[in-house]
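First the structure, in the form of C-alpha coordinates, and then the observations on it.
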There are 2 protein chains.
Amino acid sequence: MTTISVSIFNILANEIVSGVLKPGAKLEEIPLATRFKVSRTPIREVLRDLASKGLVQMEPRKGVLVAQIGLEELSDMLEAECELEALCAQIAAHRMSLLEKKQLERVHELTAIAVSKGDDARYLELNHEFHNLISAGTHNKLIAETVGNLRGRLSGFRQAQSKTEKRLQTSHAEHQCIVDAILSSDAVIAFQKMRAHNARLSSKVIEQLSKSNTNKSIKTK
Amino acid sequence: MTTISVSIFNILANEIVSGVLKPGAKLEEIPLATRFKVSRTPIREVLRDLASKGLVQMEPRKGVLVAQIGLEELSDMLEAECELEALCAQIAAHRMSLLEKKQLERVHELTAIAVSKGDDARYLELNHEFHNLISAGTHNKLIAETVGNLRGRLSGFRQAQSKTEKRLQTSHAEHQCIVDAILSSDAVIAFQKMRAHNARLSSKVIEQLSKSNTNKSIKTK
DNA sequence: AAAGTCAATTTTGTATTCATATTGACATTT
DNA sequence: AAATGTCAATATGAATACAAAATTGACTTT
(Lines give C-alpha, C1' and ligand atoms only; values in the text may rest on other atoms or scores of the structure.)
Protein backbone atom coordinates (compact mmCIF):
# COMPACT_ATOMS: atom_id res chain seq x y z
CA MET A 1 0.00 0.00 0.00
CA THR A 2 1.06 3.53 -0.62
CA THR A 3 0.13 6.97 0.61
CA ILE A 4 -2.15 9.48 -1.07
CA SER A 5 0.67 11.98 -1.40
CA VAL A 6 2.82 9.84 -3.65
CA SER A 7 0.04 9.15 -6.14
CA ILE A 8 -0.82 12.82 -6.37
CA PHE A 9 2.87 13.66 -6.55
CA ASN A 10 3.29 11.46 -9.59
CA ILE A 11 0.32 13.02 -11.34
CA LEU A 12 1.39 16.60 -10.70
CA ALA A 13 5.06 15.96 -11.42
CA ASN A 14 4.06 14.47 -14.73
CA GLU A 15 1.81 17.39 -15.56
CA ILE A 16 4.63 19.79 -14.83
CA VAL A 17 7.37 18.09 -16.86
CA SER A 18 4.96 17.41 -19.71
CA GLY A 19 4.01 21.06 -19.82
CA VAL A 20 0.33 20.68 -18.96
CA LEU A 21 1.02 22.94 -16.02
CA LYS A 22 2.88 25.90 -17.40
CA PRO A 23 5.80 27.59 -15.64
CA GLY A 24 4.60 30.36 -13.37
CA ALA A 25 1.16 28.83 -12.87
CA LYS A 26 -0.09 29.15 -9.31
CA LEU A 27 -0.70 25.91 -7.47
CA GLU A 28 -3.24 26.69 -4.79
CA GLU A 29 -3.96 24.24 -2.07
CA ILE A 30 -7.74 24.35 -1.88
CA PRO A 31 -8.37 23.95 -5.62
CA LEU A 32 -5.93 21.03 -5.74
CA ALA A 33 -7.53 19.52 -2.66
CA THR A 34 -10.99 19.69 -4.19
CA ARG A 35 -9.70 18.43 -7.52
CA PHE A 36 -8.24 15.29 -5.94
CA LYS A 37 -11.00 15.06 -3.36
CA VAL A 38 -8.64 15.10 -0.41
CA SER A 39 -7.85 17.58 2.32
CA ARG A 40 -5.18 20.22 2.16
CA THR A 41 -2.78 18.17 4.25
CA PRO A 42 -1.61 15.65 1.64
CA ILE A 43 -1.59 18.41 -0.96
CA ARG A 44 0.84 20.45 1.10
CA GLU A 45 3.09 17.41 1.37
CA VAL A 46 3.03 16.94 -2.37
CA LEU A 47 3.89 20.58 -2.95
CA ARG A 48 6.79 20.29 -0.55
CA ASP A 49 8.10 17.23 -2.38
CA LEU A 50 7.75 18.95 -5.72
CA ALA A 51 9.71 21.88 -4.34
CA SER A 52 12.50 19.61 -3.14
CA LYS A 53 12.84 18.28 -6.69
CA GLY A 54 12.92 21.78 -8.08
CA LEU A 55 9.69 21.36 -10.00
CA VAL A 56 7.94 24.16 -8.14
CA GLN A 57 9.05 27.23 -6.27
CA MET A 58 7.50 27.80 -2.89
CA GLU A 59 7.88 30.93 -0.85
CA PRO A 60 6.58 31.13 2.71
CA ARG A 61 3.24 32.89 2.98
CA LYS A 62 3.28 33.52 -0.75
CA GLY A 63 2.30 30.22 -2.24
CA VAL A 64 3.59 27.81 -4.83
CA LEU A 65 4.34 28.38 -8.48
CA VAL A 66 5.35 25.93 -11.17
CA ALA A 67 9.07 26.52 -11.48
CA GLN A 68 9.94 29.23 -13.91
CA ILE A 69 13.49 28.77 -14.94
CA GLY A 70 15.44 31.85 -15.87
CA LEU A 71 18.21 31.97 -18.43
CA GLU A 72 21.06 31.84 -15.94
CA GLU A 73 19.42 29.03 -13.99
CA LEU A 74 18.82 27.13 -17.20
CA SER A 75 22.44 27.40 -18.25
CA ASP A 76 23.47 26.21 -14.81
CA MET A 77 21.26 23.18 -15.24
CA LEU A 78 22.46 22.49 -18.75
CA GLU A 79 26.09 22.76 -17.74
CA ALA A 80 25.53 20.44 -14.82
CA GLU A 81 23.71 17.93 -16.97
CA CYS A 82 26.34 18.08 -19.65
CA GLU A 83 29.13 17.30 -17.23
CA LEU A 84 27.18 14.75 -15.23
CA GLU A 85 26.13 12.77 -18.25
CA ALA A 86 29.65 12.80 -19.59
CA LEU A 87 30.76 11.47 -16.23
CA CYS A 88 28.09 8.79 -16.43
CA ALA A 89 29.28 7.70 -19.86
CA GLN A 90 32.83 7.57 -18.62
CA ILE A 91 32.03 5.42 -15.61
CA ALA A 92 29.54 3.28 -17.49
CA ALA A 93 32.12 2.52 -20.15
CA HIS A 94 34.21 0.52 -17.73
CA ARG A 95 31.46 -0.69 -15.44
CA MET A 96 28.52 -1.87 -17.57
CA SER A 97 27.95 -5.58 -17.76
CA LEU A 98 27.71 -7.38 -21.07
CA LEU A 99 23.96 -7.60 -20.65
CA GLU A 100 23.69 -3.89 -20.02
CA LYS A 101 25.77 -3.16 -23.09
CA LYS A 102 23.50 -5.39 -25.17
CA GLN A 103 20.47 -3.50 -23.92
CA LEU A 104 22.08 -0.21 -24.81
CA GLU A 105 22.87 -1.46 -28.28
CA ARG A 106 19.32 -2.68 -28.69
CA VAL A 107 17.78 0.64 -27.71
CA HIS A 108 20.15 2.41 -30.05
CA GLU A 109 19.06 0.18 -32.92
CA LEU A 110 15.40 0.85 -32.18
CA THR A 111 16.18 4.53 -32.18
CA ALA A 112 17.56 4.23 -35.69
CA ILE A 113 14.17 2.98 -36.84
CA ALA A 114 12.36 5.84 -35.16
CA VAL A 115 14.72 8.30 -36.79
CA SER A 116 14.20 6.85 -40.26
CA LYS A 117 10.46 7.06 -39.74
CA GLY A 118 10.70 10.55 -38.37
CA ASP A 119 8.71 9.35 -35.36
CA ASP A 120 9.40 12.16 -32.94
CA ALA A 121 7.47 10.84 -29.96
CA ARG A 122 9.06 7.42 -30.20
CA TYR A 123 12.48 8.99 -30.56
CA LEU A 124 12.00 11.02 -27.40
CA GLU A 125 10.93 7.91 -25.53
CA LEU A 126 13.90 5.87 -26.70
CA ASN A 127 16.26 8.75 -26.12
CA HIS A 128 15.07 8.85 -22.54
CA GLU A 129 15.72 5.14 -22.18
CA PHE A 130 19.12 5.50 -23.79
CA HIS A 131 20.32 8.04 -21.26
CA ASN A 132 18.71 6.10 -18.43
CA LEU A 133 20.61 2.96 -19.37
CA ILE A 134 23.88 4.85 -19.36
CA SER A 135 23.29 6.50 -16.00
CA ALA A 136 22.19 3.17 -14.56
CA GLY A 137 25.35 1.72 -16.06
CA THR A 138 27.42 3.70 -13.57
CA HIS A 139 26.09 1.31 -10.90
CA ASN A 140 25.99 4.40 -8.72
CA LYS A 141 22.44 5.00 -7.61
CA LEU A 142 23.11 8.48 -6.30
CA ILE A 143 24.63 9.71 -9.52
CA ALA A 144 21.93 8.02 -11.58
CA GLU A 145 19.20 9.57 -9.47
CA THR A 146 20.79 13.00 -9.58
CA VAL A 147 21.19 13.07 -13.33
CA GLY A 148 17.74 11.55 -13.80
CA ASN A 149 16.19 14.26 -11.73
CA LEU A 150 18.00 16.90 -13.72
CA ARG A 151 16.84 15.40 -16.99
CA GLY A 152 13.28 15.49 -15.71
CA ARG A 153 13.48 19.16 -14.94
CA LEU A 154 14.98 19.86 -18.34
CA SER A 155 12.69 17.67 -20.39
CA GLY A 156 10.25 20.47 -20.99
CA PHE A 157 12.91 22.50 -22.75
CA ARG A 158 14.11 19.53 -24.75
CA GLN A 159 10.63 18.76 -26.01
CA ALA A 160 9.98 22.34 -27.01
CA GLN A 161 13.22 22.27 -28.92
CA SER A 162 12.93 18.91 -30.66
CA LYS A 163 9.61 19.96 -32.12
CA THR A 164 11.15 22.84 -33.98
CA GLU A 165 14.26 21.06 -35.14
CA LYS A 166 15.02 18.28 -37.54
CA ARG A 167 18.36 17.20 -36.22
CA LEU A 168 17.40 13.71 -35.19
CA GLN A 169 19.93 12.25 -37.61
CA THR A 170 22.72 14.34 -36.17
CA SER A 171 21.87 13.31 -32.63
CA HIS A 172 21.63 9.70 -33.66
CA ALA A 173 25.03 9.81 -35.27
CA GLU A 174 26.47 11.25 -32.09
CA HIS A 175 24.77 8.51 -30.09
CA GLN A 176 26.47 6.03 -32.38
CA CYS A 177 29.88 7.31 -31.32
CA ILE A 178 28.91 7.09 -27.68
CA VAL A 179 27.60 3.55 -28.04
CA ASP A 180 30.76 2.47 -29.83
CA ALA A 181 32.94 3.92 -27.10
CA ILE A 182 30.96 2.30 -24.30
CA LEU A 183 30.78 -1.07 -26.02
CA SER A 184 34.54 -1.05 -26.43
CA SER A 185 34.97 0.16 -22.85
CA ASP A 186 36.76 3.29 -23.96
CA ALA A 187 35.99 5.60 -21.05
CA VAL A 188 37.90 8.58 -22.38
CA ILE A 189 36.13 8.66 -25.73
CA ALA A 190 32.77 7.94 -24.11
CA PHE A 191 33.28 10.95 -21.88
CA GLN A 192 34.32 13.24 -24.69
CA LYS A 193 31.57 12.19 -27.09
CA MET A 194 28.82 12.45 -24.51
CA ARG A 195 30.08 15.81 -23.36
CA ALA A 196 30.24 17.15 -26.90
CA HIS A 197 26.79 15.78 -27.64
CA ASN A 198 25.22 17.46 -24.64
CA ALA A 199 27.15 20.66 -25.13
CA ARG A 200 25.78 20.97 -28.63
CA LEU A 201 22.21 20.33 -27.49
CA SER A 202 22.62 22.79 -24.66
CA SER A 203 23.73 25.58 -26.92
CA LYS A 204 20.71 24.89 -29.12
CA VAL A 205 18.39 25.13 -26.14
CA ILE A 206 19.95 28.37 -24.95
CA GLU A 207 19.91 29.82 -28.44
CA GLN A 208 16.24 29.03 -28.88
CA LEU A 209 15.22 30.32 -25.48
CA SER A 210 17.06 33.60 -25.76
CA LYS A 211 15.44 34.04 -29.15
CA SER A 212 11.92 33.58 -27.75
CA ASN A 213 12.87 35.79 -24.81
CA THR A 214 13.83 38.70 -27.01
CA ASN A 215 10.57 38.21 -28.88
CA LYS A 216 8.74 38.46 -25.59
CA SER A 217 10.46 41.61 -24.53
CA ILE A 218 9.75 43.15 -27.92
CA LYS A 219 6.09 42.29 -27.54
CA THR A 220 6.03 43.69 -24.04
CA LYS A 221 7.38 47.01 -25.15
CA MET B 1 10.35 36.72 8.69
CA THR B 2 10.51 32.99 8.29
CA THR B 3 8.44 29.94 9.05
CA ILE B 4 8.73 27.67 12.07
CA SER B 5 9.65 24.72 9.88
CA VAL B 6 12.85 26.21 8.54
CA SER B 7 14.23 27.10 11.97
CA ILE B 8 13.55 23.62 13.27
CA PHE B 9 14.94 22.17 10.07
CA ASN B 10 18.24 23.94 10.60
CA ILE B 11 18.49 22.72 14.17
CA LEU B 12 17.74 19.11 13.35
CA ALA B 13 19.86 19.05 10.19
CA ASN B 14 22.76 20.34 12.23
CA GLU B 15 22.23 17.76 14.94
CA ILE B 16 22.23 15.02 12.34
CA VAL B 17 25.36 16.03 10.44
CA SER B 18 27.19 16.81 13.68
CA GLY B 19 26.37 13.37 14.99
CA VAL B 20 24.28 14.41 17.98
CA LEU B 21 21.49 12.39 16.45
CA LYS B 22 22.97 9.03 15.61
CA PRO B 23 22.18 7.08 12.44
CA GLY B 24 19.24 4.79 12.97
CA ALA B 25 17.75 6.90 15.75
CA LYS B 26 13.97 7.16 15.56
CA LEU B 27 12.58 10.63 15.06
CA GLU B 28 9.07 10.54 16.43
CA GLU B 29 6.69 13.37 15.74
CA ILE B 30 5.11 13.86 19.14
CA PRO B 31 8.36 13.98 21.13
CA LEU B 32 9.81 16.45 18.62
CA ALA B 33 6.63 18.51 18.73
CA THR B 34 6.73 18.74 22.52
CA ARG B 35 10.46 19.45 22.47
CA PHE B 36 10.03 22.44 20.17
CA LYS B 37 6.67 23.40 21.68
CA VAL B 38 4.83 23.24 18.38
CA SER B 39 2.24 20.94 16.89
CA ARG B 40 2.98 17.88 14.80
CA THR B 41 2.26 19.71 11.55
CA PRO B 42 5.47 21.74 11.19
CA ILE B 43 7.45 18.79 12.51
CA ARG B 44 6.13 16.60 9.73
CA GLU B 45 7.17 19.21 7.20
CA VAL B 46 10.65 19.33 8.65
CA LEU B 47 10.95 15.56 8.50
CA ARG B 48 9.87 15.61 4.88
CA ASP B 49 12.51 18.22 4.05
CA LEU B 50 15.17 16.25 5.87
CA ALA B 51 14.17 13.20 3.85
CA SER B 52 14.45 15.10 0.59
CA LYS B 53 18.02 16.00 1.50
CA GLY B 54 18.81 12.40 2.36
CA LEU B 55 19.42 13.14 6.01
CA VAL B 56 16.64 10.85 7.21
CA GLN B 57 14.85 7.85 5.81
CA MET B 58 11.08 7.89 5.99
CA GLU B 59 8.83 4.98 5.18
CA PRO B 60 5.05 5.41 5.05
CA ARG B 61 3.34 4.29 8.23
CA LYS B 62 6.65 3.19 9.63
CA GLY B 63 8.22 6.40 10.78
CA VAL B 64 11.43 8.31 10.31
CA LEU B 65 14.98 7.25 11.10
CA VAL B 66 18.18 9.24 10.95
CA ALA B 67 19.75 8.04 7.71
CA GLN B 68 21.90 5.01 8.15
CA ILE B 69 24.26 4.83 5.27
CA GLY B 70 25.39 1.42 4.15
CA LEU B 71 28.77 0.65 2.65
CA GLU B 72 27.59 0.63 -0.95
CA GLU B 73 25.62 3.83 -0.50
CA LEU B 74 28.61 5.45 1.13
CA SER B 75 30.91 4.55 -1.73
CA ASP B 76 28.34 5.91 -4.14
CA MET B 77 28.34 9.18 -2.25
CA LEU B 78 32.11 9.33 -2.04
CA GLU B 79 32.52 8.62 -5.71
CA ALA B 80 29.99 11.28 -6.59
CA GLU B 81 31.63 13.81 -4.32
CA CYS B 82 35.08 12.99 -5.65
CA GLU B 83 34.03 13.59 -9.24
CA LEU B 84 31.84 16.59 -8.50
CA GLU B 85 34.51 18.40 -6.55
CA ALA B 86 37.05 17.69 -9.23
CA LEU B 87 34.61 19.18 -11.69
CA CYS B 88 34.20 22.19 -9.44
CA ALA B 89 37.92 22.74 -9.28
CA GLN B 90 38.17 22.46 -13.03
CA ILE B 91 35.44 24.99 -13.71
CA ALA B 92 36.52 27.28 -10.89
CA ALA B 93 40.06 27.38 -12.26
CA HIS B 94 38.93 29.28 -15.33
CA ARG B 95 35.97 31.11 -13.85
CA MET B 96 36.99 32.49 -10.46
CA SER B 97 37.51 36.22 -10.23
CA LEU B 98 40.71 37.70 -8.89
CA LEU B 99 38.94 38.53 -5.66
CA GLU B 100 37.70 34.97 -5.28
CA LYS B 101 41.19 33.65 -5.88
CA LYS B 102 42.55 35.98 -3.23
CA GLN B 103 39.99 34.70 -0.77
CA LEU B 104 40.92 31.12 -1.54
CA GLU B 105 44.57 31.89 -1.03
CA ARG B 106 43.79 33.59 2.26
CA VAL B 107 41.81 30.64 3.61
CA HIS B 108 44.56 28.32 2.54
CA GLU B 109 47.11 30.39 4.46
CA LEU B 110 44.94 30.37 7.56
CA THR B 111 44.70 26.62 7.23
CA ALA B 112 48.48 26.35 7.34
CA ILE B 113 48.42 27.98 10.76
CA ALA B 114 45.76 25.63 12.04
CA VAL B 115 47.79 22.67 10.77
CA SER B 116 50.98 23.84 12.48
CA LYS B 117 49.08 24.26 15.72
CA GLY B 118 47.36 20.92 15.30
CA ASP B 119 44.06 22.70 15.81
CA ASP B 120 41.65 20.07 14.50
CA ALA B 121 38.41 21.96 14.93
CA ARG B 122 39.73 25.06 13.23
CA TYR B 123 41.15 22.95 10.43
CA LEU B 124 37.77 21.35 9.80
CA GLU B 125 36.12 24.74 9.73
CA LEU B 126 38.63 26.18 7.27
CA ASN B 127 38.55 23.06 5.19
CA HIS B 128 34.80 23.50 4.87
CA GLU B 129 35.28 27.08 3.76
CA PHE B 130 38.01 26.05 1.33
CA HIS B 131 35.77 23.63 -0.50
CA ASN B 132 32.87 26.07 -0.36
CA LEU B 133 34.91 28.77 -2.04
CA ILE B 134 35.85 26.40 -4.82
CA SER B 135 32.31 25.21 -5.46
CA ALA B 136 31.08 28.80 -5.35
CA GLY B 137 33.86 29.59 -7.79
CA THR B 138 32.08 27.58 -10.45
CA HIS B 139 29.50 30.40 -10.56
CA ASN B 140 27.00 27.59 -11.02
CA LYS B 141 24.55 27.64 -8.15
CA LEU B 142 23.08 24.25 -8.94
CA ILE B 143 26.42 22.48 -8.92
CA ALA B 144 27.54 24.36 -5.81
CA GLU B 145 24.35 23.45 -4.00
CA THR B 146 24.52 19.82 -5.07
CA VAL B 147 28.08 19.31 -3.95
CA GLY B 148 27.46 21.28 -0.76
CA ASN B 149 24.55 19.06 0.10
CA LEU B 150 26.67 15.98 -0.52
CA ARG B 151 29.45 17.30 1.68
CA GLY B 152 26.92 17.88 4.44
CA ARG B 153 25.73 14.31 4.32
CA LEU B 154 29.29 13.06 4.35
CA SER B 155 30.64 15.37 7.03
CA GLY B 156 29.82 12.92 9.79
CA PHE B 157 32.14 10.34 8.27
CA ARG B 158 34.88 12.88 7.66
CA GLN B 159 34.81 14.03 11.26
CA ALA B 160 34.91 10.52 12.61
CA GLN B 161 37.90 9.90 10.41
CA SER B 162 39.90 13.06 11.04
CA LYS B 163 39.81 12.39 14.74
CA THR B 164 41.65 9.13 14.38
CA GLU B 165 44.17 10.33 11.83
CA LYS B 166 47.07 12.71 11.82
CA ARG B 167 47.35 13.43 8.15
CA LEU B 168 46.53 17.09 8.25
CA GLN B 169 49.92 17.93 6.76
CA THR B 170 49.33 15.59 3.84
CA SER B 171 45.95 17.08 3.11
CA HIS B 172 47.33 20.56 3.38
CA ALA B 173 50.08 19.78 0.92
CA GLU B 174 47.50 18.47 -1.51
CA HIS B 175 45.45 21.60 -1.03
CA GLN B 176 48.55 23.58 -1.93
CA CYS B 177 48.70 21.90 -5.31
CA ILE B 178 45.03 22.62 -5.90
CA VAL B 179 45.38 26.26 -4.93
CA ASP B 180 48.39 26.67 -7.21
CA ALA B 181 46.50 25.20 -10.12
CA ILE B 182 43.44 27.35 -9.59
CA LEU B 183 45.46 30.53 -9.09
CA SER B 184 47.23 29.90 -12.35
CA SER B 185 43.95 29.00 -14.04
CA ASP B 186 45.17 25.53 -14.92
CA ALA B 187 41.88 23.67 -15.14
CA VAL B 188 43.37 20.32 -16.07
CA ILE B 189 45.73 20.18 -13.11
CA ALA B 190 43.10 21.55 -10.75
CA PHE B 191 40.78 18.75 -11.80
CA GLN B 192 43.42 16.06 -11.40
CA LYS B 193 44.73 17.26 -8.06
CA MET B 194 41.29 17.68 -6.54
CA ARG B 195 40.21 14.30 -7.81
CA ALA B 196 43.30 12.60 -6.43
CA HIS B 197 42.88 14.38 -3.12
CA ASN B 198 39.29 13.28 -2.71
CA ALA B 199 39.99 9.79 -3.96
CA ARG B 200 42.62 9.34 -1.29
CA LEU B 201 40.33 10.62 1.44
CA SER B 202 37.53 8.42 0.19
CA SER B 203 39.59 5.28 0.34
CA LYS B 204 40.55 6.18 3.90
CA VAL B 205 36.91 6.58 4.87
CA ILE B 206 35.93 3.29 3.28
CA GLU B 207 38.87 1.51 4.82
CA GLN B 208 38.00 2.79 8.26
CA LEU B 209 34.31 2.03 7.97
CA SER B 210 34.76 -1.50 6.71
CA LYS B 211 37.14 -2.08 9.60
CA SER B 212 34.57 -0.99 12.17
CA ASN B 213 31.93 -2.97 10.31
CA THR B 214 33.82 -6.23 10.56
CA ASN B 215 34.29 -5.52 14.22
CA LYS B 216 30.56 -5.16 14.55
CA SER B 217 29.75 -8.35 12.75
CA ILE B 218 32.28 -10.19 14.91
CA LYS B 219 30.60 -8.83 17.99
CA THR B 220 27.19 -9.81 16.71
CA LYS B 221 28.24 -13.39 16.16
C1' DA C 1 -7.28 61.23 -11.94
C1' DA C 2 -3.84 59.17 -9.12
C1' DA C 3 -2.06 57.58 -5.02
C1' DG C 4 -2.51 55.91 -0.54
C1' DT C 5 -4.92 53.72 3.22
C1' DC C 6 -7.94 50.64 5.33
C1' DA C 7 -11.05 46.85 5.52
C1' DA C 8 -12.61 42.53 3.72
C1' DT C 9 -11.57 38.38 1.63
C1' DT C 10 -8.61 34.87 0.47
C1' DT C 11 -4.74 31.93 1.27
C1' DT C 12 -1.24 30.00 3.79
C1' DG C 13 0.66 28.44 8.47
C1' DT C 14 -0.39 25.95 12.64
C1' DA C 15 -3.09 23.32 15.90
C1' DT C 16 -6.27 19.80 16.90
C1' DT C 17 -9.10 15.98 16.07
C1' DC C 18 -10.31 11.71 13.80
C1' DA C 19 -9.06 7.41 11.37
C1' DT C 20 -6.20 3.70 10.18
C1' DA C 21 -2.15 0.89 10.07
C1' DT C 22 1.65 -1.20 12.64
C1' DT C 23 3.60 -3.36 16.59
C1' DG C 24 4.04 -6.00 20.53
C1' DA C 25 2.13 -8.90 23.95
C1' DC C 26 -0.69 -12.40 25.31
C1' DA C 27 -3.46 -16.31 24.57
C1' DT C 28 -4.84 -20.26 22.11
C1' DT C 29 -3.88 -24.14 19.29
C1' DT C 30 -1.20 -27.70 17.24
C1' DA D 1 7.34 -25.44 23.15
C1' DA D 2 6.68 -23.14 18.92
C1' DA D 3 3.74 -20.83 15.97
C1' DT D 4 -0.10 -18.40 14.71
C1' DG D 5 -3.86 -15.38 15.57
C1' DT D 6 -6.23 -11.79 17.99
C1' DC D 7 -6.43 -7.63 20.56
C1' DA D 8 -4.88 -3.46 22.64
C1' DA D 9 -1.76 0.36 22.50
C1' DT D 10 0.75 3.58 19.90
C1' DA D 11 2.28 6.19 16.03
C1' DT D 12 1.45 7.89 11.59
C1' DG D 13 -1.88 9.52 7.73
C1' DA D 14 -5.62 12.53 6.78
C1' DA D 15 -9.22 15.89 7.78
C1' DT D 16 -10.96 19.77 9.98
C1' DA D 17 -10.71 23.88 12.67
C1' DC D 18 -8.39 28.04 13.93
C1' DA D 19 -4.97 31.98 13.42
C1' DA D 20 -2.26 35.08 11.01
C1' DA D 21 -0.53 37.17 7.05
C1' DA D 22 -1.09 38.86 2.34
C1' DT D 23 -3.58 40.32 -1.47
C1' DT D 24 -7.33 42.86 -3.41
C1' DG D 25 -10.55 46.27 -4.05
C1' DA D 26 -13.01 50.13 -2.80
C1' DC D 27 -13.08 54.49 -0.87
C1' DT D 28 -11.05 58.66 0.53
C1' DT D 29 -8.06 62.36 0.00
C1' DT D 30 -5.21 65.31 -2.43
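Within every chain, numbering begins at 1; the chains are lettered A, B, ... in the order of the sequence lines, protein sequences first and strands thereafter.
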Once you round it to whole Å, what is the distance between [atom2] of [N] and [atom1] of [X]?
| X | N | atom1 | atom2 | answer |
| --- | --- | --- | --- | --- |
| A:Glu29 | D:dA14 | CD | P | 15 Å |
| B:Leu27 | D:dT10 | CG | P | 20 Å |
| B:Lys37 | C:dG13 | NZ | C1' | 20 Å |
| B:Ile30 | C:dT17 | CD1 | P | 13 Å |
| A:Glu59 | D:dT23 | CD | C1' | 14 Å |
| A:Lys26 | C:dT10 | NZ | P | 13 Å |
| A:Arg44 | D:dA14 | CZ | C1' | 14 Å |
| B:Ile43 | C:dT16 | CD1 | C1' | 15 Å |

The side chain of [X] lies closest to which of these nucleotides: [options]?
| X | options | answer |
| --- | --- | --- |
| A:Glu45 | C:dG13, D:dA14, C:dA15 | D:dA14 |
| B:Thr41 | D:dT12, C:dG13, C:dT16 | C:dT16 |
| A:Thr3 | D:dA15, D:dG13, C:dG13 | D:dG13 |
| B:Arg61 | C:dG13, C:dT20, C:dT14 | C:dT20 |
| A:Arg40 | D:dA14, C:dT14, D:dA11 | C:dT14 |

Flag, side chain of [X] to backbone of [Y], donor-acceptor distance under 3.5 Å:
| X | Y | result |
| --- | --- | --- |
| A:Ser171 | A:Leu168 | no |
| B:Asp76 | A:Asn140 | no |
| B:Ser97 | B:Glu100 | yes |

Query raised in the report: For the atom pair CD1 (B:Ile178) and NE2 (B:His131), what is the distance rounded to the nearest 0.5 Å?
Result: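 Answer for the CD1-NE2 pair, B:Ile178 versus B:His131, is 6.5 Å.
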Query raised in the report: How long is the span from the CE atom in B:Met58 to the OG1 atom in A:Thr3, to the nearest 0.5 Å?
Result: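 Answer rounded to 0.5 Å: 9.5 Å.
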Using a cut-off of strictly less than 4.0 Å, decide whether [X] has a side-chain nitrogen or oxygen near OP1 or OP2 of [N].
| X | N | answer |
| --- | --- | --- |
| A:Ser39 | D:dA14 | no |
| B:Ser5 | C:dG13 | no |
| A:Lys62 | D:dT23 | yes |

Query raised in the report: Given that B:Ile4 and A:Glu28 both sit by DNA chain C, which one's nearest nucleotide is further toward the 5' end?
Result: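 Result of the comparison: A:Glu28.
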